[in-house]
Amino acid sequence: MLPRQVVKWILVFLVISPSLFPVSVSEVDSSYWSAKKRHMKKKVHDMFYHAYENYLTHAFPHDELKPLSKSFTDSLSELGNLKLEHLPQHYNGSALTLIESLSSLVIMGNNTEFERAVLWLSENLSFDVDARINLFECNIRVLGGLVSAHILATDSANRLVQGSYKNQLLTLAEDLGRRFLPAFDTPTGLPYAWINLKYGVMENETNETSTSGCGSLILEMGALSRLTGDPIYESAALRALRRLWSMRSSLNLLGTTLDVTTGEWIEYSSGIGAGVDSFYEYLFKAHILFGKEDFWRMFHSAYLAVQKYFRHGPWYHEADMRNGKATYWQLTSLQAFWPGLQVLVGDIAAANSSHREFVHVWKKFGVLPERYLLDHLMLHPTEKYYPLRPELAESTFYLYQATKDPWYLEVGESIVNSLNSYTKVDGGFASIRDVTTMQLEDHQHSFFLAETCKYLYLLFDDSFLVDRNYVFTTEGHPLPVLSSWHDRLPEAYIPSNWTFLPSEKQARRASAMTLQVCPAMSLDCGHGCQQVKSACHIPDARSDHRCFGDEECGVDATTCRRRTCSMAGYCGLWLFI
Ligand SMILES: *[C@@H]1O[C@H](CO)[C@@H](O)[C@H](O)[C@H]1NC(C)=O
Ligand SMILES: *[C@@H]1O[C@H](CO)[C@@H](O)[C@H](O)[C@H]1NC(C)=O
Ligand SMILES: *[C@@H]1O[C@H](CO)[C@@H](O)[C@H](O)[C@H]1NC(C)=O
Ligand SMILES: *[C@@H]1O[C@H](CO)[C@@H](O)[C@H](O)[C@H]1NC(C)=O
Ligand SMILES: *[C@@H]1O[C@H](CO)[C@@H](O)[C@H](O)[C@H]1NC(C)=O
Ligand SMILES: *[C@@H]1O[C@H](CO)[C@@H](O)[C@H](O)[C@H]1NC(C)=O
Ligand SMILES: *[C@@H]1O[C@H](CO)[C@@H](O)[C@H](O)[C@H]1NC(C)=O
């Protein structure tokens, strides 16, 4: 059973005690920083609308905007249709960017436009199309976007005009969820990577998929099951996740690609970036959202293995799952999400040090290149692009929430300035094809609106999160942490009123200081010397271990447990024994 204190932290995961991370309150509240935040919030607001309105003008209802030619691409299905003539005639796309913008519109306070978009989709969106789509992408972007928007449209703040919304987005989400199910009909329960929305799995479909493709479905499909009361979606995603986990090596490592019919690995090397990233993220976030102990146990083992086999100082390389030997020494843009996840876990110091390295690379190039070869100190020859990715902004947002260190606001400011100076064009925001020349590419990805703009906005204005407790999916769509979605946690640990958080001035919302993970690693320092290092030791607020309340006590490095304040006023662990 989890200690009560720990469970409490899970459930109020957006609140941390300021005393855990002492920063100067006067600095945070100074008029300089509040003026800066207001100014930056306005800049991000303008970026979002520049992207959004250009999409509406030149691309809607197609999927994504081509900002240079002011035209569109139906990327969701074009991805899967290498021979474009196979798309249905007069195909108008699936309004992908509109779906992806829904939760950002709510976060930026534009309920009128949110309502307009919801009603348009309610009447006009259909998934009954002969289009081959990527299950993973369609799940995180479309299913996640719809489920999240449905929750926002029906939440207690009642954002939609009474009576105008009759759960149409949920009906659409359920229709899409049903179309996903044939993908899971494999001998292993691991889903095919591609599926035709109208006809199911196609003949001669590839058997190859990725770890993230099988392991990042549980948040959206679980939420769909909770909302509809039909367990079939969650069961399918859970079965796939469990099967995937059973394929780990004795080192608790997984590979990157696998065969869904045989359950055999194809690529044994993996890291925390492309093809794997959101698998880790979803194990942990599923635990926050659904409370199952299983998710926590899987995440804990997986996290320890990552820290042990992939980490090299602040960097993460790849390793072979079978023997833990390093394979590729590469920094990839997608890895920049990791510090954000570490903040949720409570590993702030490790998050801070990795994040700083990514910021350093961002400053060196002006943006983050897709792939940098650490062993050759050069860019990957064919992956020099920056497609407006959100991961660094995401981690910056989490770190600022956790620490309130205004340095992160400055990082956010320099991200915003780079985006405006290198990627803003008359017709929207364009991806960068080559970070050495800043040559542009004619594509504005929907995640720029769903994530990049959203996390930057939340960095400067987090009022959306006040008194609310959300988990963001890997595509940046918020899902609420509801006690009614929590399984198998003793009733006593679940507050009946999840929206209420103490609203005293000093109750500061921050990152998810949830369960503490303390990977105590034994490092070989040569000549038979062994050094034990904890990746997430959190010291007590005072070095003499005196305290007035539990909040002033940190996390014990050896037992990985939160310390509590004793009757005598000392931080200790004995209350748990
Ligand atoms: C796409 O939109 C055009 C113009 O609104 C319409 O005529 C056409 O029927 C639509 N195509 C499909 C497949 O719905
Ligand atoms: C909401 O979005 C619409 C469409 O972009 C825009 O015209 C309007 O000004 C926005 N309203 C607010 C309050 O931002
Ligand atoms: C559905 O699409 C049609 C064609 O674009 C439009 O006229 C209609 O207003 C849309 N429905 C809603 C509710 O917006
Ligand atoms: C599937 O593969 C077989 C053998 O390569 C081939 O004969 C058949 O035409 C393929 N079917 C389709 C629909 O591509
Ligand atoms: C997928 O796996 C099945 C069963 O192992 C095999 O028969 C089929 O040829 C494979 N398909 C492809 C495209 O490799
Ligand atoms: C992050 O690292 C920097 C540089 O090492 C340090 O000055 C700063 O205090 C750290 N912040 C946190 C919150 O750990
Ligand atoms: C939660 O509790 C607080 C304080 O008792 C109350 O103000 C708030 O209305 C409650 N919210 C819900 C949704 O019950």
Side-chain angles (χ1 to χ4, degrees), residues 52-53 55-65 71-78 80-99 101-102 105 110-135 142 145-146 149-150 153 159-173 175-176 179 182-210 213-214 240 243-244 247 257-267:
Y52 182 73
E53 285 174 359
Y55 164 72
L56 287 185
T57 309
H58 304 297
F60 172 80
H62 293 275
D63 287 348
E64 289 178 323
L65 171 69
S71 60
F72 60 83
T73 154
D74 286 319
S75 37
L76 190 69
S77 31
E78 280 174 11
N81 289 269
L82 300 177
K83 294 182 186 144
L84 286 182
E85 64 270 24
H86 285 174
L87 272 181
Q89 259 203 322
H90 310 300
Y91 184 57
N92 289 327
S94 54
L96 177 63
T97 301
L98 189 72
I99 296 172
S101 298
L102 295 171
L105 286 167
N110 197 336
N111 292 346
T112 342
E113 182 63 13
F114 174 65
E115 176 163 343
R116 203 183 69 79
V118 166
L119 296 181
W120 189 93
L121 293 166
S122 300
E123 195 168 299
N124 287 301
L125 188 62
S126 164
F127 297 117
D128 194 30
V129 283
D130 176 11
R132 177 175 175 264
I133 52 94
N134 182 282
L135 182 72
V142 183
L146 292 174
H150 165 74
R159 296 161 195 293
L160 289 188
V161 174
Q162 283 291 333
S164 62
Y165 181 67
K166 303 192 174 62
N167 300 336
Q168 296 97 327
L169 295 192
L170 183 59
T171 308
L172 282 166
D175 175 53
L176 183 59
R179 291 169 195 273
F184 293 85
D185 187 12
T186 58
T188 58
L190 296 163
Y192 282 100
W194 299 92
I195 188 156
N196 184 295
L197 285 175
K198 200 179 179 91
Y199 301 114
V201 179
M202 297 175 81
E203 203 179 334
N204 295 352
E205 186 52 89
T206 176
N207 291 335
E208 185 170 346
T209 190
S210 64
C214 298
R243 176 63 193 238
L244 182 67
M247 292 164 60
T257 56
L258 54 118
D259 184 312
V260 299
T261 56
T262 61
E264 303 280 347
W265 289 105
I266 296 170
E267 173 57 66

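Each ligand, and each atom within it, is numbered from 1 in the order the structure gives. Heads up: numbering here begins at 1 and tracks the sequence.
Closest to atom 5 (O) of ligand 3 among all protein heavy atoms lies W120 NE1, 3.9 Å. Scanning the protein for heavy atoms near atom 9 (O) of ligand 1, the closest one is N92 ND2, 4.8 Å. Among protein heavy atoms, atom 13 (C) of ligand 5 sits closest to E205 O, 3.5 Å. For atom 2 (O) of ligand 3, the closest heavy atom belonging to the protein is N124 ND2, 2.4 Å. In terms of protein heavy-atom proximity, atom 4 (C) of ligand 5 is nearest to T261 OG1, 3.8 Å. What sits closest to atom 1 (C) of ligand 5 on the protein, heavy atoms only, is N207 ND2, 1.4 Å.
A side chain to side chain contact (heavy atoms under 4.5 Å, CB included) with S94 holds for exactly one of L125, I133, L176; it is L125.
Ligand 1 has no nitrogen or oxygen under 3.5 angstrom from a nitrogen or oxygen of Q89.
Contact annotation for atom 11 (N) of ligand 5: protein present (non-hydrogen atoms, distance under 4.0 Å). Under the 4.0 angstrom criterion, atom 7 (O) of ligand 5 counts as lacking any protein heavy-atom contact.
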- Quick one: do W194 and T206 satisfy side-chain contact (heavy atoms from CB on, under 4.5 Å)? Show the steps, please. CA-CA 8 Å; W194 299 92; T206 176; 3.8 Å; yes
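With a 4.5 Å cut-off on side-chain heavy atoms, V142 and L76 count as touching. Using a 4.5 Å cut-off on side-chain heavy atoms (C-beta onward), L121 and L169 make contact.
We find that D128 and K198 are joined by a salt bridge, their nearest charged nitrogen and carboxylate oxygen being less than 4.0 Å apart.
At a cut-off of 3.5 Å, with distance as the only test, a side-chain donor of Y91 or S77 sits close to an acceptor on the other residue.
Ring planes of H150 and Y165: tilted class, angle from 30 to 60°.
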